[in-house]
Structure formats: C-alpha cells, structure tokens
**Student:** 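What follows is a structure written as structure tokens; I'll ask about it next.
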Amino acid sequence: MKIHEYSVSDCGLRPNLIGTPEQLRERIEDCEHAGIDLLLLQLSPQAAEMALFSAQVMRRQPVNA
C-alpha cells in the first residue's frame, strides 16, 4: 500500500482530495455534479486543519444563492 492510499476509516473509498485549494474545490464540485451531496473529511489535527479547509477551500456563499 502506498502512503496516499492509506486511510484509517475510508473503507476503500479514495476521493483523491489532495492538491491546492483550487484543485480541491474543483474535485468537490465534480462530486456535486455527479450527485454526491455528502462529503466526510478526516483531518488531523482536526481543529487546525478544519480551520484551514474552511478558510482556503470552502466557498463563501449566501444560503439559497
């Protein structure tokens, strides 16, 4: 197993969410277009990485835009 294939809890699912914030946004949008409406992330250390993900990857859009 290669290091990029390792995950403790993905049950074999590998969405390949690795890259720049722009690349991550594109891959997440591809998932949305494919009909995926739930994405679970495992980040470590959780609080710090969630803050970075929120600031750098998530789009800031008003609800019902």
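Along the sequence shown, the residues carry numbers beginning at 1.
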**Student:** Short question: side chain of Arg25, backbone of Thr20 - any donor-acceptor pair under 3.5 Å?
**Tutor:** no
**Student:** Quick one: CZ on Arg27 to CD on Glu22, what's the gap to the nearest 0.5 Å?
**Tutor:**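 Reported value, rounded in 0.5 Å steps: 11.5 Å.
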**Student:** Among the clusters formed by ILVMFWY side chains lying less than 4.5 Å apart, do Leu43 and Ile28 turn up in the same one?
**Tutor:**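 Yes, it is one cluster - the side chains of Leu43 and Ile28 are joined through contacts under 4.5 Å.
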**Student:** How far apart are the closest heavy atoms of Pro21 and Gln56, and which atoms are they?
**Tutor:**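 That would be CB-O, 3.1 Å.
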**Student:** For the hydrophobic clusters of this structure (ILVMFWY residues joined by side-chain heavy atoms under 4.5 Å, transitively), does one cluster hold both Leu41 and Ile36?
**Tutor:** no
**Student:** Search all heavy atoms of Leu24 against all heavy atoms of Leu17 and return the closest pair with its distance.
**Tutor:** CD2-C, 3.3 Å
**Student:** Same cluster or not: Met58 versus Leu52, using hydrophobic residues (I, L, V, M, F, W, Y) connected whenever any side-chain heavy atoms lie under 4.5 Å apart?
**Tutor:**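 No, Met58 does not connect to Leu52 through the hydrophobic network.
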